[in-house]
Amino acid sequence: MIGGDSILVSLVRLVDHLPFPPPPVQRKRGRPQTYSDQLLVKALVIMIIRRLYTAWALRAFLQQEDPVVQQLRPLLTEHGQVPTRRTWERRLAALPATLPGLIGRLGRQLVTVLKPWAQQGHGAACDSTAVRAHGGVWHKKDREAGVVPHTSIDTEAHWSKSGWHGWWYGWKLHLAVSIGSLWIPLAAEFTVANVADSEVAPVLLTQLPAEVRYVLGDQHYNTPDLRAECARHNRELVATRRGPDPHTDGGVEVRRVFHKLRSQAIEPFNGLFKNLFEWGGQMPVKGLRRCQLLALGAVLLYQLVLLYQHQHHQLVGVGIKALLRAA
């Protein structure tokens, strides 16, 4: 990387080194894409760091006469052109479908590079975290009547309930994170709030590194289907047993050790993630696709920062919030 680059410019340059899938052997029908997915991800990194939540805001930012922006402009140019506002909108709307796969590939690369399990069991902790919808809530009686009482309501969100958050209206960010001293996001999905954790978990498992031997989850992951899915990949599902405490069955003490490891990984990471991007647990935009774009993009950005810290010989996983603020 060029010495003297700002952190933002360095992170954008680093996107070119991410494990994007190879182009298809046979071109899809229809109009060929003018701009690469790498270009779209570079724009997404800028949008999240600089709190630019629309294509119009991105274009306005890129028109500024600022030394950092002058470095960024060539990085968002392909074939001598910069996408139009409409092209940004159309391509960014389609990007969320590709982000879980990219997060999974980068997670597997980071495991190889950073070796998070050098002194720890090869395990991953799975959980979902509540993310509230932007604006007001759409109460059940109004939803059933088809009445939207206020324009601030995001009608694509939904209700869910948990023992910790109670009822909330919004979304779920589903995550798999490495256990141990270094928290690496390994897989991510973003859904409406009423989608069950056990329904999304098999999708997360497909992205986990082959080295993962233990999958840690709460009681929502304790299903026969998920246990069978783990067994097919020679993994052990360690999930909270249903029923009142204390449990007295065989293996309860071992499970307690695993549950402690899980709580020390996924729960602090969820809190760190929400605090890091200063969303306060509420999305800054409306609509499923736009929320997916920012939430999954933020997970990818977190991974990108870990890679940046490794390449710059910094203490990986430490001071990430300060680094992003400096960008």
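- Put simply, CG on L186 and CG on L110 are 8.5 Å apart, with the number rounded to the nearest 0.5 Å.
- Smallest separation of non-hydrogen atoms from H220 and S198: O-CB, 3.3 Å.
- Under the 4.5 Å side-chain criterion, counting only non-hydrogen atoms from C-beta, T98 is not in contact with F20.
- We find the CG-CZ distance between L72 and R13 to be 9.0 Å, quoted to the nearest 0.5 Å.
- Taking all atoms of both residues into account, the shortest heavy-atom contact from Q303 to P185 is NE2-O, 2.7 Å.
- With rounding to the nearest 0.5 Å, the separation of CG in L306 from CD1 in I184 is 6.5 Å.
- In the hydrophobic cluster analysis, where Ile, Leu, Val, Met, Phe, Trp and Tyr join through side-chain heavy atoms closer than 4.5 angstrom, Y53 is grouped together with L40.
- Remark: the backbone N or O of R132 is not paired with any side-chain donor or acceptor of Q282 at under 3.5 angstrom.
- Looking at heavy atoms from C-beta onward, L288 lies in side-chain contact with E156 at the 4.5 angstrom threshold.
- Within the 4.5 Å cutoff, side-chain heavy atoms of R91 are placed close to those of Q33.
- Side-chain atoms of E211 do not come within 3.5 Å of backbone N or O of H122 as any donor-acceptor pair.
- Annotation: the span from R50 atom CZ to L8 atom CG amounts to 5.5 Å, rounded to 0.5 Å.
- Of all the heavy atoms in L99 and L293, the pair that sits closest is CD1-O, 4.0 Å.
- Atom SG of C126 and atom CG of L175 lie 9.0 Å apart (nearest 0.5 Å).
- Closest non-hydrogen pair, L205 versus L226, comes out as CD1-CD1, 3.4 Å.
- One hydrophobic cluster holds both L18 and I49 under the rule that ILVMFWY side chains link at heavy-atom gaps under 4.5 Å.
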Step-by-step side-chain contact (heavy atoms from CB on, under 4.5 Å) determination, H174 to V203: CA-CA 10 Å; H174 305 261; V203 182; over 6 Å; no
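- Minimum interatomic distance between L323 and Q314 (heavy atoms only, all atoms of both residues): CD1-OE1, 3.6 Å.
- Counting heavy atoms from C-beta outward, Q207 and R108 have side chains that approach closer than 4.5 Å.
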Go through the steps to decide whether H134 and V285 satisfy the test side-chain contact (heavy atoms from CB on, under 4.5 Å), and finish with yes or no. CA-CA 6 Å; H134 183 77; V285 297; over 6 Å; no
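- With hydrogens and angles disregarded, a donor-acceptor distance shorter than 3.5 Å links the side chain of E78 to the backbone of S36.
- T77 contributes no side-chain N or O that, together with a main-chain N or O of G80, makes up a donor-acceptor pair within less than 3.5 Å.
- The side-chain heavy atoms of N222 and R227, taken from C-beta on, include a pair separated by under 4.5 Å.
- Within the model, atoms CH2 of W138 and NE2 of H158 stand 8.5 Å from one another, a figure rounded to the nearest 0.5 Å.
- In this structure, W168 contributes its side chain and A133 its backbone to no donor-acceptor pair below 3.5 Å.
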Candidate pair E65 and R73, rule salt bridge (charged side-chain N to carboxylate O under 4.0 Å, His left out), full reasoning: CA-CA 11 Å; E65 294 302 323; R73 264 192 226 113; 3.8 Å; yes
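- A donor-acceptor distance shorter than 3.5 angstrom exists from the side chain of R213 to the backbone of N234, with no hydrogens or angles considered.
- L14 and L102 end up in the same hydrophobic cluster when Ile, Leu, Val, Met, Phe, Trp and Tyr side chains are linked at under 4.5 Å.
- Considering every non-hydrogen atom in both A239 and D218, the closest pair reads CB-O, 3.6 Å.
- Atom NZ of K321 has more than 12 neighbouring heavy atoms from other residues, nucleotides or ligands inside a 6.0 Å radius.
- In this structure a side-chain-to-backbone donor-acceptor pair under 3.5 Å is present from S178 to L182.
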If you apply the rule side-chain contact (heavy atoms from CB on, under 4.5 Å), what do you find for V137 with W167, and how did you get there? CA-CA 11 Å; V137 300; W167 284 102; over 6 Å; no
Hey, mind stepping through L307 and Q109 against side-chain contact (heavy atoms from CB on, under 4.5 Å) and telling me if it holds? CA-CA 9 Å; L307 185 59; Q109 177 179 313; 4.1 Å; yes
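- The neighbour count for R85 CZ, taken as heavy atoms of other residues, nucleotides or ligands under 6.0 Å away, does not exceed 12.
- R289 CZ: 12 or fewer foreign heavy atoms inside a 6.0 Å radius.
- Remark: the backbone N or O of D197 is not paired with any side-chain donor or acceptor of S128 at under 3.5 angstrom.
- Within the 4.5 Å cutoff, the side chain of K172 has no heavy atoms near those of the V195 side chain.
- Side chain of Q309 to main chain of G317: a donor-acceptor pair is present (N/O by atom type, distance under 3.5 Å, no hydrogens or angles).
- A donor-acceptor contact shorter than 3.5 Å is absent between the side chain of N194 and the backbone of S160.
- Hydrophobic clustering of Ile, Leu, Val, Met, Phe, Trp and Tyr side chains at less than 4.5 Å, counting indirect connections, keeps Y169 apart from V192.
- Taking hydrophobic clusters as Ile, Leu, Val, Met, Phe, Trp and Tyr residues chained together by side-chain heavy-atom distances below 4.5 Å, W56 does not share a cluster with L62.
- Residues L324 and L301 meet the side-chain proximity criterion, which asks for heavy atoms closer than 4.5 Å.
- The aromatic rings of Y35 and H79 sit tilted relative to each other, their planes meeting at an angle between 30° and 60°.
- V215 is not listed as a side-chain neighbour of Y221, based on a closest heavy-atom distance of 4.5 Å or more.
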